[in-house]
Amino acid sequence: MLQRHMHSGFLAASILAMLSVAAVGQTPGGEPFEPVFVDSLKCNASGTKGCTVHRTVNVSAGPDRVFVPDSLKFREDSRSGGGTIYVQINPGEMIDVPVTVSGVVYNLKMPRTASVVLHAESGSGTGNYNRGAWINGYVEGRTIEVER
């Protein structure tokens with residue numbers, strides 16, 4: 001995550017901690033962005049044969065912003081299905097963000113985009129006859145402005 005002429009893992013961890021975790025009584029680094037609604041859409045089982053919906057939605061911090069590491073969270077709105085249901089958030093495009101500490105410039109890799117994987121299964125068998133499956137909700141997080 002951190003690139004520099006002389007490697008320092010401790011410094012990288014310290015910088016990320018400052019951005020991601022607030023000290024007691026402080027808010028986390030960055031600014032909250034408007035929550036983005038994401039939806040897996042819906043599948044409908046046919047009789048006792050189950051159905052699966054799997055969809056990836058890409059989210060961007062904006063042209064001059066990056067996501068604060070580990071700030072992206074999924075807040076569920078609704079779900080249905082008798083099988084496996086999950087949401088996974090993966091970093092997308094990573095860009096170098098220069099950070100100067102004690103006169104030394106470090107390049108921190110930070111995500112400009114993220115992909116949100118939504119997966120829902122209706123389940124199969126008589127207990128899930130003609131059942132639908134879906135999951136939806138909001139992606140929330142924090143961003144910081146970077147120079148272009």
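Just so it is clear, the structure is predicted and the values come from calculations on it, not from any experiment.
Among residues two or more places apart in sequence or in another chain, the side-chain hydrogen bond (donor to acceptor under 3.5 Å, both in side chains) test is passed with Ser78 by Trp134, Asn136. For Phe74, there are no ring pair (Phe, Tyr, Trp, His ring centres under 6.0 Å) partners, not counting sequence neighbours. A search for side chain to side chain contact (heavy atoms under 4.5 Å, CB included) contacts involving Asn58 returns Thr56, Ser115, not counting sequence neighbours. Among residues two or more places apart in sequence or in another chain, the side chain to side chain contact (heavy atoms under 4.5 Å, CB included) test is passed with Ser60 by Thr113. Not counting sequence neighbours, the partners of Arg65 by the salt bridge (charged side-chain N to carboxylate O under 4.0 Å, His left out) test are Glu31.
Sorted by first then second residue, the ring-ring contact (aromatic ring centres under 6.0 Å, His included) pairs that include residues 43-64, not counting sequence neighbours, are His54-His119. The disulfide bond (SG atoms under 2.5 Å apart) contacts involving residues 82-129 comprise nothing, where partners must be two or more places apart or lie in separate chains. Sorted by first and then second residue, the disulfide bond (SG atoms under 2.5 Å apart) pairs with a member in residues 73-129 form an empty list; sequence neighbours excluded. Pairs of residues two or more places apart, or lying in two chains, that qualify as salt bridge (charged side-chain N to carboxylate O under 4.0 Å, His left out) and include a residue from residues 78-87 are Glu76-Arg79. Applying the disulfide bond (SG atoms under 2.5 Å apart) test to residues at least two apart or on different chains, none of the pairs has a partner in residues 76-110.
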For residues 37-51, dump all side-chain donor-acceptor pairs below 3.5 Å to protein atoms at least two apart in sequence or in another chain.
residue, atom, partner, partner atom, Å
Asp39, OD1, Leu41, N, 2.9
Ser40, OG, Ile135, N, 2.9
Ser40, OG, Ile135, O, 3.1

Name every donor-acceptor pair, under 3.5 Å, that has one atom in a side chain of residues 80-95 and the other anywhere in the protein, sequence neighbours excluded.
residue, atom, partner, partner atom, Å
Ser80, OG, Gly132, O, 3.4
Gln88, NE2, Asn90, OD1, 3.1

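Criterion: ILVMFWY side-chain heavy atoms under 4.5 Å apart, direct or through other members. Under it, Tyr106 and Val146 are part of a common hydrophobic cluster. Note: the hydrophobic cluster containing Val99 also contains Val68 (ILVMFWY, side chain heavy atoms under 4.5 Å, direct or indirect links). Follow the hydrophobic side-chain contacts under 4.5 Å out from Val97 and you never reach Phe67; the two are in separate clusters. Under the 4.5 Å side-chain heavy-atom criterion for ILVMFWY residues, no single connected hydrophobic cluster contains both Val36 and Val66. No continuous path of ILVMFWY side-chain contacts below 4.5 Å connects Val59 to Val117, so the two sit in separate hydrophobic clusters.
Annotation: side chain of Asp96 is not in contact with side chain of Leu108 (no heavy-atom distance under 4.5 Å).
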Could you walk me through whether Lys73 and Glu140 pass the salt bridge (Lys or Arg N to Asp or Glu O under 4.0 Å) test, one step at a time? CA-CA 5 Å; Lys73 305 289 184 239; Glu140 301 173 326; over 6 Å; no
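Although no hydrogens or angles enter the test, the distance criterion places a donor-acceptor pair under 3.5 Å between the side chain of Ser71 and the main chain of Arg142.
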